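Reading through the C-alpha coordinates given below for one structure.
Since we're looking at a predicted model, the values are computed, not measured. Below, read A as the first sequence line, B as the second, and so on, with proteins coming before strands; counting in each chain starts at 1.
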There are 2 protein chains.
Amino acid sequence: MTNEKVSGLIDRYMKVSFYVNKMGELLIKDQICDVLTNEQYYTLRFIEQQRLCTSTEISDAFYINKSAVTSNINRLEGKGLIEREQDLDDRRVFHLKLSKEGEGLLQETENKIHNLVERIMTKFEYEEIVKFLDTYEKLSQIFIQMKNGEQEEI
Amino acid sequence: MTNEKVSGLIDRYMKVSFYVNKMGELLIKDQICDVLTNEQYYTLRFIEQQRLCTSTEISDAFYINKSAVTSNINRLEGKGLIEREQDLDDRRVFHLKLSKEGEGLLQETENKIHNLVERIMTKFEYEEIVKFLDTYEKLSQIFIQMKNGEQEEI
DNA sequence: AATATTAGTTCAGTCATTTAACTATATGTA
DNA sequence: TACATATAGTTAAATGACTGAACTAATATT
(Lines give C-alpha, C1' and ligand atoms only; values in the text may rest on other atoms or scores of the structure.)
Protein backbone atom coordinates (compact mmCIF):
# COMPACT_ATOMS: atom_id res chain seq x y z
CA MET A 1 0.00 0.00 0.00
CA THR A 2 1.34 3.46 -0.82
CA ASN A 3 2.14 5.93 1.90
CA GLU A 4 -0.59 8.29 0.80
CA LYS A 5 -3.12 5.51 0.87
CA VAL A 6 -2.12 4.61 4.43
CA SER A 7 -2.17 8.26 5.51
CA GLY A 8 -5.60 8.67 4.01
CA LEU A 9 -6.94 5.68 5.90
CA ILE A 10 -5.35 6.91 9.12
CA ASP A 11 -6.98 10.30 8.72
CA ARG A 12 -10.32 8.71 7.98
CA TYR A 13 -10.03 6.35 10.93
CA MET A 14 -8.88 8.98 13.42
CA LYS A 15 -11.55 11.43 12.39
CA VAL A 16 -14.37 8.91 12.43
CA SER A 17 -13.34 7.24 15.66
CA PHE A 18 -13.09 10.62 17.32
CA TYR A 19 -16.59 11.57 16.26
CA VAL A 20 -18.12 8.22 17.10
CA ASN A 21 -16.58 8.26 20.55
CA LYS A 22 -17.39 11.85 21.26
CA MET A 23 -20.95 11.67 19.97
CA GLY A 24 -21.47 8.29 21.57
CA GLU A 25 -20.39 9.70 24.92
CA LEU A 26 -22.60 12.76 24.47
CA LEU A 27 -25.62 10.65 23.50
CA ILE A 28 -25.10 8.40 26.51
CA LYS A 29 -24.65 11.42 28.75
CA ASP A 30 -28.03 12.69 27.57
CA GLN A 31 -29.66 9.40 28.52
CA ILE A 32 -28.19 9.03 31.97
CA CYS A 33 -29.51 11.04 34.86
CA ASP A 34 -27.44 13.95 36.14
CA VAL A 35 -26.21 12.16 39.25
CA LEU A 36 -24.08 9.81 37.12
CA THR A 37 -21.11 10.48 34.89
CA ASN A 38 -20.53 8.12 31.96
CA GLU A 39 -17.60 6.50 33.76
CA GLN A 40 -19.75 5.92 36.80
CA TYR A 41 -22.44 4.34 34.65
CA TYR A 42 -19.87 1.97 33.13
CA THR A 43 -18.66 1.07 36.60
CA LEU A 44 -22.15 0.34 37.89
CA ARG A 45 -22.80 -1.73 34.78
CA PHE A 46 -19.64 -3.75 35.34
CA ILE A 47 -20.33 -4.37 39.02
CA GLU A 48 -23.81 -5.59 38.18
CA GLN A 49 -22.55 -7.94 35.47
CA GLN A 50 -20.02 -9.65 37.75
CA ARG A 51 -21.52 -11.91 40.33
CA LEU A 52 -19.14 -10.80 43.05
CA CYS A 53 -17.00 -7.84 42.12
CA THR A 54 -13.83 -6.49 43.75
CA SER A 55 -11.74 -3.37 43.25
CA THR A 56 -8.97 -5.44 41.72
CA GLU A 57 -11.33 -6.82 39.09
CA ILE A 58 -12.40 -3.31 38.11
CA SER A 59 -8.77 -2.23 38.01
CA ASP A 60 -7.91 -5.12 35.67
CA ALA A 61 -10.94 -4.76 33.45
CA PHE A 62 -10.72 -0.99 33.06
CA TYR A 63 -6.92 -0.82 32.89
CA ILE A 64 -6.70 1.75 35.66
CA ASN A 65 -4.77 1.73 38.94
CA LYS A 66 -6.38 0.43 42.06
CA SER A 67 -6.11 3.84 43.65
CA ALA A 68 -8.27 5.22 40.84
CA VAL A 69 -10.81 2.50 41.56
CA THR A 70 -10.85 3.45 45.23
CA SER A 71 -11.72 7.05 44.47
CA ASN A 72 -14.27 6.06 41.84
CA ILE A 73 -16.09 3.68 44.13
CA ASN A 74 -15.88 6.18 46.97
CA ARG A 75 -17.82 8.59 44.82
CA LEU A 76 -20.41 5.94 44.01
CA GLU A 77 -20.67 4.86 47.62
CA GLY A 78 -20.99 8.51 48.64
CA LYS A 79 -24.04 8.71 46.42
CA GLY A 80 -25.48 5.59 48.02
CA LEU A 81 -25.37 3.59 44.79
CA ILE A 82 -23.02 0.80 45.84
CA GLU A 83 -22.00 -0.99 49.02
CA ARG A 84 -18.76 -2.58 50.20
CA GLU A 85 -18.96 -5.93 51.97
CA GLN A 86 -15.89 -7.39 53.60
CA ASP A 87 -15.16 -11.00 52.69
CA LEU A 88 -15.27 -13.20 55.78
CA ASP A 89 -12.63 -15.66 54.59
CA ASP A 90 -10.12 -13.14 53.27
CA ARG A 91 -10.53 -9.91 55.16
CA ARG A 92 -8.38 -7.93 52.73
CA VAL A 93 -11.10 -8.32 50.13
CA PHE A 94 -14.19 -6.14 49.79
CA HIS A 95 -17.01 -7.25 47.55
CA LEU A 96 -18.85 -4.51 45.74
CA LYS A 97 -22.53 -4.63 44.98
CA LEU A 98 -25.23 -2.22 43.95
CA SER A 99 -27.54 -0.84 46.59
CA LYS A 100 -31.30 -0.91 45.97
CA GLU A 101 -31.08 2.66 44.64
CA GLY A 102 -28.09 1.73 42.51
CA GLU A 103 -29.97 -1.16 40.96
CA GLY A 104 -32.99 1.00 40.28
CA LEU A 105 -30.92 3.73 38.70
CA LEU A 106 -28.92 1.30 36.59
CA GLN A 107 -32.04 -0.48 35.34
CA GLU A 108 -33.63 2.81 34.40
CA THR A 109 -30.49 3.91 32.60
CA GLU A 110 -30.06 0.61 30.81
CA ASN A 111 -33.57 0.90 29.44
CA LYS A 112 -32.91 4.35 28.05
CA ILE A 113 -29.64 3.26 26.47
CA HIS A 114 -31.34 0.21 25.03
CA ASN A 115 -33.97 2.41 23.39
CA LEU A 116 -31.33 4.74 22.01
CA VAL A 117 -29.32 1.91 20.50
CA GLU A 118 -32.43 0.32 19.07
CA ARG A 119 -33.24 3.55 17.26
CA ILE A 120 -29.74 3.61 15.86
CA MET A 121 -29.83 -0.01 14.77
CA THR A 122 -32.91 0.42 12.64
CA LYS A 123 -30.72 2.45 10.29
CA PHE A 124 -28.61 -0.61 9.50
CA GLU A 125 -29.17 -4.04 8.03
CA TYR A 126 -28.59 -6.76 10.59
CA GLU A 127 -25.92 -8.24 8.32
CA GLU A 128 -24.04 -4.95 8.14
CA ILE A 129 -23.98 -4.65 11.93
CA VAL A 130 -22.65 -8.15 12.36
CA LYS A 131 -19.94 -7.67 9.71
CA PHE A 132 -18.95 -4.41 11.32
CA LEU A 133 -18.75 -5.96 14.76
CA ASP A 134 -16.69 -8.84 13.38
CA THR A 135 -14.05 -6.49 12.02
CA TYR A 136 -14.25 -4.29 15.10
CA GLU A 137 -13.64 -7.29 17.34
CA LYS A 138 -10.76 -8.41 15.18
CA LEU A 139 -9.27 -4.93 15.55
CA SER A 140 -9.77 -5.12 19.28
CA GLN A 141 -7.94 -8.46 19.43
CA ILE A 142 -5.03 -7.06 17.44
CA PHE A 143 -4.80 -4.01 19.70
CA ILE A 144 -4.75 -6.22 22.78
CA GLN A 145 -2.10 -8.49 21.26
CA MET A 146 0.07 -5.52 20.28
CA LYS A 147 -0.26 -4.02 23.73
CA ASN A 148 0.68 -7.34 25.34
CA GLY A 149 3.51 -7.80 22.88
CA GLU A 150 4.92 -4.44 23.84
CA GLN A 151 4.67 -5.30 27.50
CA GLU A 152 6.73 -8.44 26.97
CA GLU A 153 9.47 -6.52 25.15
CA ILE A 154 10.06 -4.46 28.30
CA MET B 1 -35.29 -7.82 16.10
CA THR B 2 -35.90 -9.47 19.47
CA ASN B 3 -34.93 -7.73 22.67
CA GLU B 4 -32.29 -10.32 23.47
CA LYS B 5 -30.74 -9.91 20.06
CA VAL B 6 -30.52 -6.14 20.54
CA SER B 7 -29.12 -6.54 24.06
CA GLY B 8 -26.52 -8.96 22.75
CA LEU B 9 -25.40 -6.54 20.08
CA ILE B 10 -25.28 -3.68 22.59
CA ASP B 11 -23.08 -5.73 24.89
CA ARG B 12 -20.81 -6.69 22.03
CA TYR B 13 -20.58 -3.12 20.80
CA MET B 14 -19.97 -1.58 24.22
CA LYS B 15 -17.34 -4.12 25.12
CA VAL B 16 -15.48 -3.90 21.84
CA SER B 17 -15.63 -0.13 21.56
CA PHE B 18 -14.32 0.16 25.11
CA TYR B 19 -11.35 -2.09 24.35
CA VAL B 20 -10.57 -0.51 21.00
CA ASN B 21 -10.62 2.97 22.52
CA LYS B 22 -8.67 2.06 25.59
CA MET B 23 -6.04 0.03 23.75
CA GLY B 24 -5.90 2.59 20.96
CA GLU B 25 -5.21 5.32 23.48
CA LEU B 26 -2.58 3.21 25.24
CA LEU B 27 -0.85 2.34 21.96
CA ILE B 28 -0.79 6.00 20.93
CA LYS B 29 0.47 6.99 24.36
CA ASP B 30 3.37 4.58 23.90
CA GLN B 31 4.29 6.22 20.60
CA ILE B 32 4.17 9.82 21.70
CA CYS B 33 6.95 11.32 23.70
CA ASP B 34 6.42 11.93 27.40
CA VAL B 35 6.02 15.68 27.09
CA LEU B 36 2.70 15.21 25.26
CA THR B 37 -0.59 13.75 26.42
CA ASN B 38 -2.85 12.17 23.82
CA GLU B 39 -5.23 15.13 23.98
CA GLN B 40 -2.34 17.50 23.41
CA TYR B 41 -1.20 15.46 20.42
CA TYR B 42 -4.70 15.64 18.92
CA THR B 43 -4.73 19.38 19.47
CA LEU B 44 -1.35 19.90 17.79
CA ARG B 45 -2.51 17.71 14.92
CA PHE B 46 -5.66 19.78 14.49
CA ILE B 47 -3.85 23.13 14.60
CA GLU B 48 -1.43 21.91 11.97
CA GLN B 49 -4.18 20.68 9.68
CA GLN B 50 -6.05 24.01 9.71
CA ARG B 51 -4.36 26.78 7.79
CA LEU B 52 -5.17 29.41 10.38
CA CYS B 53 -6.61 28.05 13.60
CA THR B 54 -8.43 29.83 16.42
CA SER B 55 -9.60 28.79 19.87
CA THR B 56 -13.20 28.91 18.71
CA GLU B 57 -12.47 26.45 15.92
CA ILE B 58 -10.93 24.00 18.37
CA SER B 59 -13.87 24.45 20.69
CA ASP B 60 -16.32 23.67 17.86
CA ALA B 61 -14.34 20.77 16.45
CA PHE B 62 -13.65 19.07 19.79
CA TYR B 63 -17.03 19.87 21.33
CA ILE B 64 -15.50 21.44 24.42
CA ASN B 65 -15.99 24.87 26.00
CA LYS B 66 -13.76 27.72 25.03
CA SER B 67 -12.49 27.91 28.59
CA ALA B 68 -11.22 24.35 28.21
CA VAL B 69 -9.44 25.36 25.02
CA THR B 70 -7.78 28.26 26.77
CA SER B 71 -6.30 26.03 29.42
CA ASN B 72 -5.28 23.39 26.90
CA ILE B 73 -3.48 25.85 24.68
CA ASN B 74 -1.92 27.51 27.70
CA ARG B 75 -0.32 24.18 28.55
CA LEU B 76 0.93 23.75 24.99
CA GLU B 77 2.20 27.32 24.85
CA GLY B 78 3.90 26.81 28.19
CA LYS B 79 5.83 23.95 26.65
CA GLY B 80 6.82 26.17 23.75
CA LEU B 81 4.96 24.03 21.20
CA ILE B 82 2.50 26.61 19.89
CA GLU B 83 2.29 30.38 19.50
CA ARG B 84 -0.58 32.86 19.62
CA GLU B 85 -0.68 35.62 17.02
CA GLN B 86 -3.20 38.41 17.30
CA ASP B 87 -5.20 39.09 14.13
CA LEU B 88 -4.56 42.62 12.90
CA ASP B 89 -8.03 43.16 11.42
CA ASP B 90 -10.04 41.72 14.30
CA ARG B 91 -8.09 42.16 17.46
CA ARG B 92 -10.33 39.82 19.45
CA VAL B 93 -8.98 36.91 17.43
CA PHE B 94 -5.79 35.00 18.12
CA HIS B 95 -4.41 32.66 15.48
CA LEU B 96 -2.70 29.56 16.75
CA LYS B 97 0.25 27.96 15.03
CA LEU B 98 2.91 25.46 15.88
CA SER B 99 6.33 26.70 16.87
CA LYS B 100 9.40 25.18 15.21
CA GLU B 101 9.71 22.74 18.13
CA GLY B 102 6.03 21.97 17.93
CA GLU B 103 6.30 21.16 14.25
CA GLY B 104 9.31 18.95 14.83
CA LEU B 105 7.66 17.09 17.66
CA LEU B 106 4.43 16.63 15.72
CA GLN B 107 6.23 15.35 12.64
CA GLU B 108 8.20 12.87 14.72
CA THR B 109 5.04 11.68 16.45
CA GLU B 110 3.08 11.42 13.21
CA ASN B 111 5.78 9.15 11.79
CA LYS B 112 5.60 6.81 14.75
CA ILE B 113 1.82 6.66 14.62
CA HIS B 114 1.99 6.05 10.88
CA ASN B 115 4.28 3.09 11.44
CA LEU B 116 2.08 1.70 14.15
CA VAL B 117 -1.03 1.90 12.01
CA GLU B 118 0.75 0.40 9.05
CA ARG B 119 1.68 -2.62 11.18
CA ILE B 120 -1.95 -2.97 12.20
CA MET B 121 -3.24 -2.64 8.66
CA THR B 122 -1.18 -5.50 7.34
CA LYS B 123 -3.46 -7.77 9.36
CA PHE B 124 -6.45 -6.79 7.24
CA GLU B 125 -7.45 -6.97 3.61
CA TYR B 126 -7.73 -3.52 2.06
CA GLU B 127 -11.33 -4.29 1.16
CA GLU B 128 -12.19 -5.15 4.75
CA ILE B 129 -10.74 -1.89 6.02
CA VAL B 130 -12.71 0.14 3.53
CA LYS B 131 -15.97 -1.68 4.28
CA PHE B 132 -15.37 -1.19 7.97
CA LEU B 133 -14.67 2.51 7.57
CA ASP B 134 -17.79 2.89 5.42
CA THR B 135 -20.00 1.52 8.15
CA TYR B 136 -18.10 3.41 10.82
CA GLU B 137 -18.59 6.67 8.96
CA LYS B 138 -22.24 5.92 8.48
CA LEU B 139 -22.50 5.36 12.23
CA SER B 140 -20.69 8.62 12.85
CA GLN B 141 -23.15 10.48 10.60
CA ILE B 142 -26.10 8.97 12.42
CA PHE B 143 -24.65 9.92 15.80
CA ILE B 144 -24.11 13.49 14.65
CA GLN B 145 -27.65 13.70 13.24
CA MET B 146 -29.15 12.32 16.45
CA LYS B 147 -27.16 14.74 18.54
CA ASN B 148 -28.26 17.67 16.38
CA GLY B 149 -31.83 16.41 16.37
CA GLU B 150 -31.80 16.39 20.15
CA GLN B 151 -30.43 19.90 20.24
CA GLU B 152 -33.31 21.14 18.10
CA GLU B 153 -35.88 19.54 20.40
CA ILE B 154 -34.67 21.78 23.23
C1' DA C 1 -24.45 56.54 20.45
C1' DA C 2 -26.40 52.75 22.70
C1' DT C 3 -26.97 47.90 22.55
C1' DA C 4 -25.95 43.35 21.39
C1' DT C 5 -22.77 39.93 19.90
C1' DT C 6 -18.38 37.65 19.65
C1' DA C 7 -13.44 35.99 20.98
C1' DG C 8 -11.12 34.83 24.41
C1' DT C 9 -9.76 34.65 29.59
C1' DT C 10 -10.20 33.90 34.56
C1' DC C 11 -11.77 31.51 38.46
C1' DA C 12 -13.75 27.98 41.29
C1' DG C 13 -15.04 23.48 41.32
C1' DT C 14 -15.30 18.46 39.79
C1' DC C 15 -13.82 14.08 37.92
C1' DA C 16 -10.57 10.74 36.56
C1' DT C 17 -6.31 9.57 36.66
C1' DT C 18 -1.09 8.54 38.18
C1' DT C 19 2.67 7.45 41.44
C1' DA C 20 4.52 6.48 45.81
C1' DA C 21 4.02 5.33 50.38
C1' DC C 22 1.23 3.03 53.43
C1' DT C 23 -1.89 -0.63 56.40
C1' DA C 24 -3.69 -4.91 57.03
C1' DT C 25 -4.07 -9.50 55.87
C1' DA C 26 -2.65 -13.89 53.82
C1' DT C 27 0.75 -17.16 51.99
C1' DG C 28 5.09 -19.47 51.51
C1' DT C 29 9.32 -21.07 53.25
C1' DA C 30 13.22 -22.26 56.14
C1' DT D 1 6.44 -21.32 64.26
C1' DA D 2 8.47 -17.15 62.58
C1' DC D 3 10.14 -14.29 59.05
C1' DA D 4 9.72 -12.77 54.35
C1' DT D 5 7.00 -11.96 50.58
C1' DA D 6 2.85 -11.12 48.13
C1' DT D 7 -1.78 -9.29 47.78
C1' DA D 8 -6.05 -6.14 48.56
C1' DG D 9 -7.07 -1.97 49.24
C1' DT D 10 -6.36 3.08 50.95
C1' DT D 11 -4.28 7.65 51.37
C1' DA D 12 -2.14 11.74 49.73
C1' DA D 13 -0.28 14.88 46.48
C1' DA D 14 -0.19 16.11 41.89
C1' DT D 15 -1.83 16.70 36.98
C1' DG D 16 -4.89 17.11 33.01
C1' DA D 17 -9.27 17.89 31.15
C1' DC D 18 -13.38 19.54 31.71
C1' DT D 19 -17.82 22.72 33.05
C1' DG D 20 -20.23 27.01 34.10
C1' DA D 21 -20.48 31.69 35.34
C1' DA D 22 -18.64 36.07 35.36
C1' DC D 23 -15.65 38.89 33.06
C1' DT D 24 -12.79 42.16 29.38
C1' DA D 25 -12.09 43.88 25.09
C1' DA D 26 -13.33 44.41 20.49
C1' DT D 27 -16.63 44.36 16.76
C1' DA D 28 -21.44 44.61 14.68
C1' DT D 29 -26.12 46.12 14.66
C1' DT D 30 -29.84 49.18 15.02
Between B:Lys97 and B:Ile47, what is the shortest heavy-atom contact and its length?
CA-CG2, 3.9 Å

Extract from the structure each pairing of a protein N or O with an N or O of nucleotides 3-5 of chain C at less than 3.5 Å, listing the distance.
none

Please list, by residue number, the residues of residues 45-57 of chain A whose heavy atoms come closer than 4.0 Å to an atom of DNA chain D; answer none if no residue qualifies.
A:Thr54, A:Ser55, A:Thr56

Establish, from distance only, whether the side-chain atoms of B:Tyr136 and A:Tyr13 form a donor-acceptor pair under 3.5 Å.
no

Could you check whether any side-chain N or O of A:Glu83 sits under 3.5 Å from a backbone N or O of A:Ser99, counting only pairs where one atom can act as donor and the other as acceptor?
no

Does A:Arg84 put a side-chain nitrogen or oxygen below 4.0 Å from OP1 or OP2 of D:dT10?
yes

Measure from CG on A:Asp87 to C1' on C:dA24 and round the result to the nearest Å.
14 Å

Double-helix bend of the helix from C:dA1-D:dT30 to C:dA30-D:dT1, axes at both ends from 5 pairs, round to 10°, gives 10°

In terms of the angle between their ring planes, are B:Tyr63 and A:Tyr19 parallel, tilted or perpendicular, with boundaries placed at 30° and 60°?
perpendicular

For A:Ser140 and B:Val16, indicate whether the former's side chain and the latter's backbone hold a donor-acceptor pair under 3.5 Å.
no

Calculate the interatomic distance between B:Leu96 atom CG and C:dA7 atom P; express it in whole Å.
13 Å

Is a donor on one side and an acceptor on the other found under 3.5 Å between the side chain of B:Asn38 and the backbone of B:Glu25?
yes

Assign the ring pair A:Phe18 / B:Phe62 to parallel, tilted or perpendicular, where the plane angle (0 to 90°) is split at 30° and 60°.
tilted

B:Ile58 CD1 to C:dA7 P, in whole Å, measures 14 Å

Using atom CD of B:Glu85 as one end and atom C1' of C:dG8 as the other, report the distance to the nearest whole Å.
17 Å

May I have the distance from B:Lys66 (atom NZ) to D:dT19 (atom C1'), rounded to whole angstrom?
15 Å

Where the side chain of A:Thr54 meets the backbone of A:His95, is there a donor-acceptor pair that is under 3.5 Å apart?
no

Interatomic distance, B:Ile73 CD1 vs D:dG16 P [rounded to whole Å]
16 Å

side-chain contact (heavy atoms from CB on, under 4.5 Å) with B:Leu105: which of B:Leu36, B:Leu98, B:Ile32?
B:Leu36

Could you go through nucleotides 14-17 of chain C and list every protein N or O atom that sits under 3.5 Å from one of its N or O atoms, giving the distance for each pair?
unit_1, atom_1, unit_2, atom_2, d
C:dA16, OP1, A:Thr37, OG1, 2.4
C:dA16, OP2, A:Gln40, NE2, 3.2
C:dA16, OP2, A:Arg75, NE, 2.9
C:dA16, OP2, A:Arg75, NH2, 3.3
C:dT17, OP2, A:Asn72, ND2, 3.0

Are any of the side-chain heavy atoms of A:Cys53 and A:Ile58 separated by less than 4.5 Å?
yes

Sequence neighbours excluded, the answer for side-chain hydrogen bond (donor to acceptor under 3.5 Å, both in side chains) partners of A:Lys123 is none

Qualifying salt bridge (charged side-chain N to carboxylate O under 4.0 Å, His left out) pairs, either residue in residues 2-13 of chain A, two or more places apart:
A:Asp11-B:Arg45, A:Arg12-B:Asp134, A:Arg12-B:Glu137

Does A:Glu125 have more than 12 heavy atoms from other residues, nucleotides or ligands lying within 6.0 Å of its CD?
no

Expressed as a whole number of angstroms, how long is the span from A:Asn74:CG to D:dT10:P?
7 Å

What does B:Asp89 touch in the nucleic acid at a heavy-atom separation under 4.0 angstrom: a base, only the sugar-phosphate, or nothing?
sugar-phosphate

Output the rounded distance in Å from CZ (A:Phe94) to P (C:dA26).
11 Å

Test item: B:Lys147 side-chain N/O and A:Leu26 main-chain N/O as donor-acceptor pair under 3.5 Å
no

